[in-house]
Amino acid sequence: MLRLVRHGFSRLLGRTEAGVVVSLVFIALAFLIGNPRFFSPTNLQAILLNAAWVGIIAIGQSLALGAGVMDLSVSSLYGLSALVFVILSNDLGLYAGFVLTLMMALAFGLMNGVLVTKLRINPLIATLGTQYFARGLIYLITHGFLRSLAVPLRDAIFVRIFTATLNGWNVLVLWMIGLVIAFHLMVFRTKLGQDFLAVGSDPETSLSRGILPEPTIVKALVLTSLLAGFSGITAAMELVSVSADMGQGLELQSIAACVLGGCSLSGGITSPIGAGLGAIFLSALYSGMIMLGAPPYSFIGVVGVALVAGVALNRYLIPWLRKFVQ
Amino acid sequence: MKRLVIGILVIGSLALMAISGFAEEEKLHFYFVSHMGPADPNSNWFTTAIPRFEARYPDVEVEYVTPPKPNPQSQLEQLRTVIAKDPDGLMVSMTAPEMFDPVLRDAIENKGIPVIAFNIRDPRPEGERIPYLTYVGGDEYLTGLRLGQAYIARWGKPTKVVCALFNPGHVGLVARCKGMTDAMTAVDVPCDTLALSPEAGNSISILTSYLQRNPDVDVIFSTTTFGEPWIVQVLKNLGKEGSVDIIGVDASPTSLEGIKLGIIKLTHSQGFYLQAYLPMTLLYMYVNYGLAPVGDVLTGPIVIDETNVDKFISMVKSVFGEDTYEELVAW
């Protein structure tokens with residue numbers, strides 16, 4: 001029995017996501033002791049809803065990181081997609097708004113891909129450029145004002161598919177879980193996913209194995225943009241209003257979620273499940289600090305410390321635990 | 001003959017250039033150097049007021065200069081660039097007075113450029129502050145204070161208030177929270193300042209946790225217009241709609257219609273149109289006739305509730321147009 005438990009722990013600790021799982025358990029216990037209301041359904045619902053938006057973006061970011069590139073444009077694309085969806089839906093209807101917005105996101109992904117692979121611009125610079133470009137478009141369109149989904153559209157069945165609540169739990173959380181599982185399987189069970197990891201590990205070696213790095217990177221960036229666009233659309237459906245600053249900072253949050261979840265910044269190692277869990281960890285951390293009564297004006301600093309501690313745990317404690325269990 | 005035509009054309013062109021250059025020389029050049037960039041809807045008051053002023057005073061050209069993001073360092077860079085053009089007058093929002101001090105002091109004292117502070121003043125006492133002609137704008141501290149006092153006068157003492165600070169780095173919003181806190185502590189009502197962010201998901205999650213931990217909060221002061229729909233969303237999720245009052249800010253379509261619909265109890269105007277039009281007029285009077293203002297000009301806060309909201313709706317519609325106004329309502 002003991003051997004079985006030890007074997008189970010050993011397997012868990014051997015996984016890429018071990019660090020974020022241990023971190024989540026650790027903060028959950030700490031917050032539970034600090035304030036049991038942390039686990040109230042309403043609070044968990046808010047944590048998971050926020051995690052869903054960041055998490056869906058982080059899934060895409062994990063694909064890009066797996067393929068050895070980083071996408072900084074996701075934050076602005078999230079905001080732009082929300083805005084474009086609202087404007088197009090108000091004029092052309094929800095279905096057209098949804099499809100055309102995703103097409104726009106796809107175009108942004110292709111643009112990122114072309115900049116990185118054909119023009120050989122460093123991915124950080126290329127996607128930073130598209131981030132500014134997309135944000136500029138938001139400013140140009142909104143002039144800083146809120147834009148809102150027309151009232152008759154807010155309760156449409158198509159909107160409810162993404163925003164309905166079941167006993168207070170937003171279905172968007174189910175969407176995130178579904179996407180996490182689907183993309184995790186894609187990464188580890190399909191040729192495309194394996195191509196991402198091969199290119200991310202070493203583009204030259206992957207080429208010798210018949211995998212073309214350039215189209216693979218383009219595909220990863222397109223998927224990343226599509227997921228950011230989808231997340232933005234669902235946020236617009238849920239929040240009904242879009243502000244000019246919407247999404248700011250999400251590019252770094254999505255990267256942080258990925259790193260917490262075990263993705264490597266140098267490519268070749270990734271985990272969509274880890275990225276999703278990392279997003280939940282970040283959202284829980286914000287919420288938990290407030291629940292613990294951290295000073296409302298300085299808790300963000302505490303969140304930063306906890307974030308670094310989470311990554312350090314991943315790096316040092318997990319290998320030690322692994323050895324200990326073995 | 002061909003040479004004669006070319007000669008006439010060349011001389012004619014030169015004469016035209018000289019005349020237009022002379023005409024250009026005749027015009028006064030004023031600049032707004034503002035932190036309110038394209039993401040800030042309030043920049044529209046300025047871009048609306050400028051052509052109206054230029055139509056009234058055709059001998060003046062006014063340019064509105066702003067960094068793409070409200071960053072004092074970028075604003076300082078733009079200030080330097082504008083000063084290098086040797087303008088006839090400057091209007092500057094003092095987002096970082098001590099950072100701007102050496103540059104503006106040099107412009108005022110050594111280059112003789114008259115400066116008016118607008119929207120955000122240099123809070124230091126006269127004698128220490130940048131020697132600008134005057135300040136034209138609202139008072140962020142008074143905004144929080146007056147809204148808090150107006151709420152108490154109308155609806156009595158709340159149990160607990162939270163100031164939702166959607167941009168913790170913005171000194172103006174911090175001052176609004178300070179004003180609200182002072183209004184509440186004066187009547188022994190606790191008031192927290194909650195640091196949120198311009199990102200909806202984060203803010204909703206944090207505010208939900210905060211309200212769960214502090215169930216006695218019955219008034220939320222939103223320091224920005226864009227945060228108002230998020231607060232409503234949180235209250236809806238927590239089943240607290242109607243039991244928690246919202247105090248909003250600004251004469252924005254969302255805030256004004258929020259009052260009409262009973263979603264928001266109070267909001268305010270800081271007289272943005274005056275903040276835009278008046279500094280240009282004061283500069284014009286000073287440059288042409290030496291009429292120097294003798295004191296600061298406070299354009300707000302003016303508290304808006306259901307008794308005077310219609311007047312403000314008419315004014316905002318007259319500036320932005322009826323269709324745009326309707327498009328910008330979040331409810």
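Residue numbering restarts at 1 for every chain, and letters A, B, ... go by the order of the sequence lines.
- Ring to ring, B:Phe46 and B:Phe118 are close: their centroids are under 6.0 angstrom apart.
- Contacts between A:Leu149 and chain B at a heavy-atom distance below 4.5 Å are absent for every atom of the residue.
- For A:Phe31, no part sits under 4.5 Å from any heavy atom of chain B, backbone or side chain.
- Heavy atoms of other residues, nucleotides or ligands lying less than 6.0 angstrom from CZ of A:Phe26 number 12 at most.
- For chain A, the nearby part of B:Gln233 is the side chain; its heavy atoms alone come within less than 4.5 Å.
- B:Ile246 places a side-chain heavy atom less than 4.5 Å from the side chain of B:Val232.
- With a 4.5 Å cut-off on non-hydrogen atoms, B:Trp230 touches chain A through its side chain but not through its backbone.
- When A:Phe85, A:Phe98, A:Trp53 are each tested for a ring-ring contact (aromatic ring centres under 6.0 Å, His included) with A:Phe162, only one passes: A:Phe98.
- Residue A:Gln253 touches chain B through its side chain alone, counting heavy-atom pairs closer than 4.5 Å.
- Options B:Val234, B:Asn202, B:Val162 differ in how many heavy-atom pairs under 4.5 Å they form with chain A, and the most are formed by B:Asn202.
- Proximity to chain B involves both the backbone and the side chain of A:Thr42, based on heavy atoms less than 4.5 angstrom apart.
- Ring pair A:Trp175/A:Phe230 is tilted by interplanar angle, where 30° to 60° counts as tilted.
- Options B:Pro198, B:Ala200, B:Ser197, B:Ala330 differ in how many heavy-atom pairs under 4.5 Å they form with chain A, and the most are formed by B:Ala330.
- In this structure, B:Lys317 is positioned above the aromatic face of B:Tyr325, its NZ or CZ under 6.0 Å from the six-membered ring centre and within 45° of the axis.
- Of the atoms belonging to A:Asn43, heavy atoms from both backbone and side chain fall under 4.5 Å from chain B.
- The aromatic rings of B:Tyr277 and B:Phe53 sit perpendicular, their planes meeting at an angle over 60°, well past the 30° parallel limit.
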